[in-house]
Amino acid sequence: MKHRIPAWALGLATVLGAGPVSAQGEAEGPAKVQQVRAVERGFFLETDVGANFIVNEVGGRTFGLGFLTGFHMGYDIMPFLSVLVGASAISAPSAPDSPQGLPADLFFLSPQAAIQLAVITSERNFLWVRGGGGLAFALPEQINSQPYGETGPMFTASVGFERYTKLRHFSVGLQAGATIFLKPELAVGITVAPLLKYTF
């Protein structure tokens, strides 16, 4: 006499048998690969070295091509919006044909803050505008016991092109713009500077 196996027993055996097979299939499946971003965004350090030329007379003197260097740290609030704080140093050598004749170089040391907005972006390329301001210490304070340099506000405006390299954390670029000093007199400088940035 043949014994009939209940339907519920067949269903239970099917479920129990399929469990290990399903688990084994998941274990042998392809491992998940961590997504790597093409560029890094966030906290960064930036340095630039370039040239500056003051286009107007200051204290009756004209100035030649000077040296510019800066160091900033900042944060990318959004992929297109960043804030920066740092300092720059700008030399303004007195031109040989300065009207007063006496060489009297100026040196500006300027702590400052800035905001940067990217106007054109792609995966690695950014075209941005930047504006900022701070305090400029114009040195020397005296020449021949006469007041010369003073401390006063300064403002900057620039446009830059930046490209992220395939090293992800590094980007290089070029910026050009104007720097305005209000002391010891109004001085307008045109600046051009390559830049190097590392984003953590």
Whether T179 side chain and G189 backbone form a donor-acceptor pair below 3.5 Å: no

Which heavy atom in A136 sits nearest to a heavy atom in S110, and how many Å separate them? CB-OG, 3.5 Å

Let me check something: do F67 and F71 share a hydrophobic cluster, defined by ILVMFWY side-chain heavy atoms less than 4.5 Å apart, either directly or through other members? no

Kindly indicate whether the side chain of F107, heavy atoms from C-beta on, has any atom under 4.5 Å from the side chain of P140. no

Shortest non-hydrogen contact from A118 toward W128: CA-CB, 3.8 Å

For side chain to side chain contact (heavy atoms under 4.5 Å, CB included), just list the numbers for E185 and E57, CA-CA rounded to whole Å, side-chain angles, deciding distance to a tenth of an Å, and then say yes or no. CA-CA 9 Å; E185 293 181 8; E57 290 187 4; over 6 Å; no

Using side chain to side chain contact (heavy atoms under 4.5 Å, CB included), reason through V192 and F53 one step at a time and then give a plain yes or no. CA-CA 9 Å; V192 177; F53 180 74; over 6 Å; no

Distance from N125 atom CG to R163 atom CZ, nearest 0.5 Å? 4.5 Å

Within the side chain of T47, is there an N or O that forms a donor-acceptor pair under 3.5 Å with the backbone of G70? yes

Does F44 belong to the same Ile/Leu/Val/Met/Phe/Trp/Tyr cluster as L196, with side-chain heavy atoms less than 4.5 Å apart forming each link? no

Quick check on F161: does its CZ atom have over 12 non-hydrogen neighbours (other residues, nucleotides or ligands) under 6.0 Å away? yes

Working note: S82 + D76, criterion side chain to side chain donor-acceptor pair (under 3.5 Å); need CA distance, chi angles, decisive distance, verdict. CA-CA 4 Å; S82 308; D76 298 312; 2.6 Å; yes

When Y164 is tested against each of R41, E40, R124 for side-chain hydrogen bond (donor to acceptor under 3.5 Å, both in side chains), which residue passes? R41

Would you give the length of the straight line joining atom CZ of F63 to atom CG of L106, rounded to the nearest 0.5 angstrom? 4.5 Å

Take atom NZ in K197; do more than 12 heavy atoms of anything else shown fall under 6.0 Å from it? yes

Basic-acidic side-chain contact under 4.0 Å: R130, E46: yes

May I have the step-by-step check of side chain to side chain contact (heavy atoms under 4.5 Å, CB included) for H72 and Q116, ending in yes or no? CA-CA 12 Å; H72 296 83; Q116 176 179 300; over 6 Å; no

When you measure from the side chain of N56 to the backbone of L186, do you find a donor-acceptor pair of N or O atoms at a distance under 3.5 Å? yes

For A87 versus Q112, what's the shortest heavy-atom pair and its separation? C-NE2, 4.4 Å

Find out if a path of hydrophobic residues (ILVMFWY) with successive side-chain heavy-atom gaps under 4.5 Å connects V58 to L135. no

Co-membership, hydrophobic cluster, residues I54 and Y148, 4.5 Å side-chain: yes

Quick one: pull up CD1 in I90 and CZ in F181 and give me the separation to the nearest 0.5 Å. 4.0 Å

For residues G66 and P93, report the shortest heavy-atom separation together with the two atoms involved. CA-CD, 3.6 Å

Geometric class of the H169/Y198 ring pair [parallel <30°, tilted 30-60°, perpendicular >60°]: parallel

Which value, rounded to the nearest 0.5 Å, describes the distance between E162 atom CD and S171 atom OG? 3.5 Å

Minimum heavy-atom distance between A193 and D48, given as atom pair plus value: CB-CB, 4.2 Å

In the single-linkage hydrophobic clustering (I, L, V, M, F, W, Y; side-chain heavy atoms under 4.5 Å), do L81 and V85 co-cluster? yes

How long is the straight-line distance from CG of L68 back to OG1 of T191, given to the nearest 0.5 Å? 6.0 Å

Taking atom OG1 of T151 and atom CG of L139, what is their separation to the nearest 0.5 Å? 7.5 Å

